[in-house]
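Below: the structure, in structure tokens.
Per chain, numbering begins at 1; letters A, B, ... match sequence-line order.
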2 protein chains.
Amino acid sequence: MDYKDFKKQYAATATDISRDVFFKNQGVMRIKKEKTAVTNLSKIFEAVFSITYNKGYQAMSMRDLSLKTGMSLGALYAYFPGKDELLAIMQTQAQAMVKGTLVKFSNAHKNPLEKLRSVIKAHIFLSELFRPWFYFTFMEARNLTPKGFDAVKSIEEHTQKIISDILVEGEETGVFKPGKHDLTACMIKAMQQEWYLKRWKYTKQKISVDQFTDHLLDMVEGFCRI
Amino acid sequence: MDYKDFKKQYAATATDISRDVFFKNQGVMRIKKEKTAVTNLSKIFEAVFSITYNKGYQAMSMRDLSLKTGMSLGALYAYFPGKDELLAIMQTQAQAMVKGTLVKFSNAHKNPLEKLRSVIKAHIFLSELFRPWFYFTFMEARNLTPKGFDAVKSIEEHTQKIISDILVEGEETGVFKPGKHDLTACMIKAMQQEWYLKRWKYTKQKISVDQFTDHLLDMVEGFCRI
DNA sequence: GTCTATACACAGATAGAC
DNA sequence: GTCTATCTGTGTATAGAC
């Protein structure tokens with residue numbers, strides 16, 4: 001599976017995300033028509049990413065957001081109760097996306113080696129497809145309430161455990177060396193994150209997501225396989 | 001060399017940093033007495049780290065800083081011209097520390113393998129010794145002016161090149177496998193950063209800086225050595 | 001649903017007494 | 001060197017017309 005295959009298989013778009021957010025947050029949104037809501041939520045998210053990429057969420061003012069979306073301040077507040085809540089909504093959405101995808105790709109294979117490859121690839125490819133969401137989640141995690149920050153940590157531990165479980169399973173079936181699988185899983189996650197945290201570097205060096213992923217897999221297999 | 005050895009050898013403290021900042025920025029500081037300046041700069045930096053760790057620099061108000069340091073607003077402005085400039089001063093200082101240390105440890109050995117180990121270790125140990133500085137630099141880099149952000153990128157590329165040069169040299173002398181050394185260097189940097197970006201994880205799992213470093217070196221050597 | 005106008009809190013920064 | 005008091009701009013958020 002390369003990135004192109006993944007995109008076909010996954011087939012989610014920015015619109016799908018906005019629709020998801022709309023249905024999950026109908027309780028707090030004053031907008032009732034799905035089509036209007038989805039269109040404008042997409043505009044809002046895009047604007048948030050574009051503004052915060054260079055200066056962070058706290059530095060983004062509601063007036064910035066109003067200007068970038070072309071919507072008035074009053075209109076914006078019909079889509080979310082306040083600036084803090086918008087952040088929380090976006091973070092929750094991003095977490096749901098990651099959790100769902102990894103479980104799906106982890107169950108797609110039986111063989112531990114294939115499983116490991118599949119999970120590592122799926123995470124990187126997902127982060128490529130929804131890069132702004134991933135970057136945003138990482139960088140703005142600490143602007144959340146303590147409870148929200150705990151949720152982010154919990155996702156991190158969850159995805160780490162998916163990987164270390166595969167390593168343990170592989171050790172038992174004799175394809176992976178024994179070792180500190182928890183630490184290895186942490187390192188793998190660190191390298192995966194590199195892809196969306198330092199994107200400027202790879203754009204500059206003209207390294208594609210497939211090249212990056214293959215290199216990561218080479219390193220991991222070089223270290224783990226018997 | 002383990003972390004304990006490094007600390008002895010390096011022997012820098014928070015006070016040394018403040019003194020360094022004082023001498024480098026005498027032009028913009030209204031304080032003239034070294035002792036007063038060093039004491040209060042240390043208080044200021046510590047307060048900045050403590051406040052921004054949970055909410056970022058932009059969200060820290062000068063009143064927060066005044067409260068935490070126990071200094072008045074007026075007093076604070078005698079130490080730096082403005083909030084933005086304080087950020088710039090701190091970033092510049094952090095960059096100088098990294099650059100100086102890596103060059104020093106890279107030149108401490110001739111053998112590429114020893115060199116690689118030394119540089120990787122030095123970076124992690126330095127980030128452990130001045131953890132708040134490293135975390136702060138990474139997380140607040142994008143709050144800088146474009147010029148300041150370029151400086152951060154340039155440091156990143158510089159340290160990456162130190163590593164990839166060692167890998168190339170090792171390939172030539174026959175100790176390392178051929179490969180995409182630039183990409184490998186990026187991965188190594190990603191794993192090094194993991195140590196100070198996700199410190200909560202390792203505190204929780206009770207993993208020491210020496211254990212972490214050894215594991216990273218095992219992975220790198222497993223992949224690179226012939 | 002979306003707009004304009006505005007309330008009101010709090011930000012960064014400075015002046016001038018001590 | 002440090003303080004208190006204060007200026008002025010900008011922030012989030014809302015009310016009410018359309």
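- Cation-pi geometry between Lys83(B) and Tyr57(B) is met: under 6.0 angstrom from the ring centre, within 45 degrees of the axis.
- Of the N and O atoms on the side chains of Gln160(B) and Lys198(A), not one donor lies less than 3.5 Å from an acceptor on the other residue.
- Spacing between atom OH of Tyr79(B) and atom C1' of dT14(C) amounts to 18 Å, rounded to whole angstrom units.
- dA15(D) atom P lies 17 Å from atom CG of Leu76(A), rounded to whole Å.
- Between Glu128(A) and the choices Lys7(A), Arg199(A), Lys121(A), Lys4(A), the salt bridge (Lys or Arg N to Asp or Glu O under 4.0 Å) rule is met once, by Arg199(A).
- Taking the six-membered ring where the residue is Trp, the centroids of Phe45(B) and Phe136(B) are separated by 6.0 Å or more.
- In this entry the distance linking CG of Leu67(B) with P of dT2(D) reads 17 Å, nearest Å.
- Checking each of Thr137(A), Asn25(A), Asp20(A) against Gln93(A) for a side chain to side chain contact (heavy atoms under 4.5 Å, CB included) leaves exactly one that passes, namely Asp20(A).
- Classified by interplanar angle (parallel below 30°, tilted 30° to 60°, perpendicular above 60°), the ring pair Tyr53(B)/Tyr135(B) is tilted.
- Between Leu65(B) atom CG and dT2(D) atom C1' the separation is 15 Å, expressed in whole Å.
- Rounded to an integer number of Å, the gap from Met71(B) CE to dT4(D) P is 13 Å.
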Between protein and nucleotides 10-12 of chain D, what N or O pairs are separated by less than 3.5 Å?
unit_1, atom_1, unit_2, atom_2, d
dG11(D), N7, Arg63(A), NH1, 3.0
dT12(D), OP1, Met60(A), O, 3.4
dT12(D), OP1, Lys83(A), NZ, 3.1
dT12(D), OP2, Met62(A), N, 2.6
dT12(D), O4, Arg63(A), NH2, 3.1

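- Taken to the nearest 0.5 Å, the SG atom of Cys186(A) stands 4.5 Å off from the CD atom of Gln205(B).
- Within residues 24-32 of chain A, the residues that have a heavy atom under 4.0 Å from DNA chain C are, in order of number, Ile31(A), Lys32(A).
- Side-chain polar atoms of Asp210(B) and Thr213(B) form no donor-acceptor pair below 3.5 angstrom.
- Remark: the Glu194(B) side chain and the Tyr202(B) side chain contain an N/O donor-acceptor pair separated by less than 3.5 Å.
- Rounding to the nearest 0.5 angstrom, the gap separating the CE atom in Met60(A) from the OG atom in Ser50(A) is 10.5 Å.
- Residues Ile31(A) and Ala37(A) approach most closely at CG2-CB, 4.0 Å, considering heavy atoms.
- For the contact set between residues 34-47 of chain A and DNA chain C, defined by any heavy atom under 4.0 Å, the members are Thr36(A), Asn40(A).
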